[in-house]
Amino acid sequence: MTKLLITGGAGFIGSNFVHYTLTNRPEYEITVIDKLTYAGNLDNLTSVMDKITFVKGDICDQNLMDDLVDKNDIVVHFAAESHNDNSLRNPQPFIQTNIVGTFTILESIRKFGKRLHHISTDEVYGDLALDDPAKFNENTPYNASSPYSSSKASSDLLVKAWIRSFGIKATISNCSNNYGPYQHIEKFIPRQITNILSGISPKLYGTGEQVRDWIHVDDHNSAVHTIIDKGVLGELYLIGANGEQNNKYVLETILELMGKDKTAYEHVNDRPGHDQRYAIDSTKLQTQLGWKPKYTDLRAGLQATIDWYQQNDSWWQNEKAKIEAAYAEKGQ
Ligand code: NAD
Ligand code: TDX
């Protein structure tokens with residue numbers, strides 16, 4: 001059995017990765033390390049707790065990471081502070097977890113000679129203009145905009161430096177916006193679904209013309225497995241599924257799928273420094289490693305996601321008032 005250490009495995013993408021791996025890749029023995037911040041939820045793993053080892057801890061703890069990395073073969077590093085709006089309210093935890101945490105893991109990887117796959121975001125490339133036909137590719141220069149995206153860009157550069165300077169065995173992937181079950185209700189799609197389910201009007205930042213390149217979380221995770229299996233050490237791969245849509249279209253589609261009037265939402269204060277458009281060219285991953293996305297029908301994916309939040313209201317209801325109160329303070 002290959003031993004897989006998954007950081008941030010109680011969060012949105014990490015917990016989906018645990019479920020995906022247990023279902024599709026039974027040859028892996030899984031350990032999850034997660035600090036259980038506001039974004040980490042053990043309920044995401046309840047159904048599989050008897051099949052994994054769970055460690056509550058901080059990736060910035062060098063002794064803990066040395067111990068865990070030593071005991072495992074491959075580290076898949078999801079743990080991060082992940083929300084742009086939070087990084088505008090208080091950047092400190094982003095610097096600590098995303099930069100110092102990644103540095104801590106890199107030092108353990110270097111010490112014990114283990115394999116790392118570092119999970120990152122397309123936001124490291126900054127944004128594209130709405131009328132620009134270009135997409136991000138592996139040669140696009142880093143140009144991050146927010147405290148969140150610049151902390152992720154910093155973490156990528158640390159991984160690249162440890163590859164070049166110390167020869168560690170690592171790969172990096174930069175993925176576009178994920179959606180699916182277990183996504184925290186602070187994020188755009190679950191916030192709007194749970195607003196509608198709670199009788200609160202959905203909230204669109206600014207004009208709503210900003211474009212995001214949506215990918216189902218299982219497609220992200222199948223791509224991560226493809227890179228772990230076949231990726232060339234030292235390389236970086238972009239992950240995306242040609243899912244570009246503007247926020248207004250996504251919100252109107254959610255309203256329509258939930259049987260509501262398509263205009264039943266509010267325009268609220270825009271995000272300061274709001275990135276206009278993200279778009280991924282995943283040719284390298286598709287042609288060199290043979291990966292393909294499976295869930296490319298966004299309407300069907302949104303319907304399944306709406307159904308999940310409807311059927312799992314106890315998963316999010318306790319958090320709802322607190323999240324909305326924090327947004328209300330910023331007029332959002
Ligand atoms: P999330 O916020 O839902 O989950 C993050 C997890 O990390 C939580 O379980 C949290 O408890 C844990 N964590 C935070 N700080 C920690 C620390 N110091 N030590 C240990 N655990 C800690 O985030 P997500 O959306 O699942 O994102 C996971 C990764 O994927 C992040 O690295 C993010 O940058 C990247 N990513 C996300 C998206 C997206 O659309 N959500 C897209 C591309 C890349
Ligand atoms: O209520 C809202 N209304 C709104 O219009 C919220 C929460 C967001 N938005 C807009 C802002 C963005 O243009 O929707 C878009 C998506 O917002 P988020 O869900 O906050 O995602 P984004 O900022 O694009 O970042 C996401 O994708 C890349 C993840 O949160 C990151 O972790 C990932 O790296």
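In this chain, residues are counted from 1 in sequence order. None of these values were measured; they are calculated from a predicted model.
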Work out which heavy atom in [X] is nearest to a heavy atom in [Y]; give both atom names and the distance.
X: Gln245; Y: Leu298; result: CG-CD2, 3.7 Å
X: Cys175; Y: Ile215; result: SG-CG2, 3.7 Å
X: Gly126; Y: Ser145; result: CA-OG, 3.9 Å
X: Tyr278; Y: Phe136; result: CA-CE1, 3.9 Å
X: Tyr309; Y: Gln183; result: OH-O, 2.5 Å
X: Val18; Y: Gly9; result: CG2-O, 4.1 Å

Can you check whether [Y]'s main-chain N or O pairs, donor with acceptor, with [X]'s side chain at less than 3.5 Å?
X: Lys169; Y: Gly113; result: yes
X: Gln276; Y: His274; result: yes
X: Asp313; Y: Gln311; result: no
X: Asp34; Y: Ala10; result: yes
X: Asn247; Y: Tyr205; result: no
X: Ser282; Y: Gly240; result: yes
X: Lys114; Y: Asp70; result: yes
X: Asn16; Y: Phe12; result: yes
X: Asn178; Y: His216; result: no
X: Glu138; Y: Leu238; result: yes

From [X] [atom1] over to [Y] [atom2], what is the distance, rounded to the nearest 0.5 angstrom?
X: Tyr179; Y: Asp219; atom1: OH; atom2: CG; result: 8.0 Å
X: Ile239; Y: Gln286; atom1: CD1; atom2: CD; result: 11.0 Å
X: Asn177; Y: Glu244; atom1: CG; atom2: CD; result: 11.0 Å
X: Leu64; Y: Thr104; atom1: CG; atom2: OG1; result: 10.5 Å
X: Leu68; Y: Thr31; atom1: CG; atom2: OG1; result: 7.0 Å
X: Asn137; Y: Asp281; atom1: CG; atom2: CG; result: 6.0 Å

Checking Tyr142 now: which residues fulfil ring pair (Phe, Tyr, Trp, His ring centres under 6.0 Å) with it, not counting sequence neighbours? Tyr125
Within-4.5 Å side-chain heavy-atom neighbours: Lys294 and Asp218: no
Is the His225 to Phe17 ring centre distance short of 6.0 Å? yes
Checking [Y] against [X]: is there a side-chain donor and acceptor pair closer than 3.5 Å?
X: Lys135; Y: Asn242; answer: yes
X: Glu81; Y: Thr97; answer: no
X: Thr194; Y: Lys320; answer: yes

Cation-pi, Tyr327 ring and Arg191 (6.0 angstrom, 45 degrees): yes
Could you go through Glu329 and Arg89, starting from their C-alpha distance and side-chain angles, then the distance that decides it, and tell me whether this counts as salt bridge (charged side-chain N to carboxylate O under 4.0 Å, His left out)? CA-CA 11 Å; Glu329 270 182 36; Arg89 291 174 189 138; over 6 Å; no
If you apply the rule side-chain contact (heavy atoms from CB on, under 4.5 Å), what do you find for His220 with Ile119, and how did you get there? CA-CA 10 Å; His220 181 182; Ile119 303 290; 4.1 Å; yes
In one Ile/Leu/Val/Met/Phe/Trp/Tyr side-chain cluster, 4.5 Å: [X], [Y]:
X: Ile200; Y: Ile196; value: no
X: Leu116; Y: Val224; value: no
X: Leu204; Y: Trp214; value: yes
X: Tyr20; Y: Leu22; value: no
X: Leu236; Y: Ile13; value: no

Please determine whether side-chain contact (heavy atoms from CB on, under 4.5 Å) holds for the pair Val211 and Leu130, giving the CA-CA distance in whole Å, both sets of side-chain angles, and the decisive distance to 0.1 Å. CA-CA 7 Å; Val211 172; Leu130 292 177; 4.0 Å; yes
side-chain contact (heavy atoms from CB on, under 4.5 Å) involving [X] - partner list, sequence neighbours excluded:
X: Ala129; answer: Asp131, Asp132
X: Ile74; answer: Thr2, Leu4, Tyr28, Val76, Arg115, Ile228
X: Asn84; answer: Ser87, Glu123, Ser146, Tyr148, Arg271
X: Lys3; answer: Glu29, Asn72, Asp73

What residues form a side chain to side chain donor-acceptor pair (under 3.5 Å) with His184, not counting sequence neighbours? none
Got a sec, which pairs hit side-chain hydrogen bond (donor to acceptor under 3.5 Å, both in side chains) with one end in residues 37-50, sequence neighbours left out? Tyr38-Asn86, Tyr38-Glu186, Asn44-Trp315
Any pair with a residue in residues 296-307 that passes side-chain hydrogen bond (donor to acceptor under 3.5 Å, both in side chains), sequence neighbours left out, goes on the list, sorted by first then second residue, please. Glu256-Arg299, Gln303-Asp307
Atom pairs and distances, donor-acceptor, side-chain atoms in residues 157-165, under 3.5 Å, two or more places apart:
| residue | atom | partner | partner atom | Å |
| --- | --- | --- | --- | --- |
| Trp162 | NE1 | Glu107 | OE1 | 2.9 |
| Ser165 | OG | Ala161 | O | 2.9 |

Could you walk me through whether Asn269 and Gln332 pass side-chain contact (heavy atoms from CB on, under 4.5 Å), step by step? CA-CA 5 Å; Asn269 287 344; Gln332 293 181 320; 4.1 Å; yes
Who are the salt bridge (Lys or Arg N to Asp or Glu O under 4.0 Å) partners of Lys71, not counting sequence neighbours? Asp67
Salt bridge (Lys or Arg N to Asp or Glu O under 4.0 Å) partners of Lys230, counting only residues at least two apart: none
Count the heavy atoms of every other residue, nucleotide or ligand shown that sit under 6.0 Å from NZ of Lys284, and state whether that count exceeds 12. yes
Answer yes or no: is there an ion pair linking Glu324 with Lys203, defined by an N-O contact shorter than 4.0 Å? no
Checking side-chain hydrogen bond (donor to acceptor under 3.5 Å, both in side chains) for the pair Ser151/Asn98: CA distance, chi angles, key distance, verdict? CA-CA 6 Å; Ser151 69; Asn98 300 358; 2.9 Å; yes
Residues that, via side-chain heavy atoms closer than 4.5 angstrom, fall in one hydrophobic cluster with Met1: none
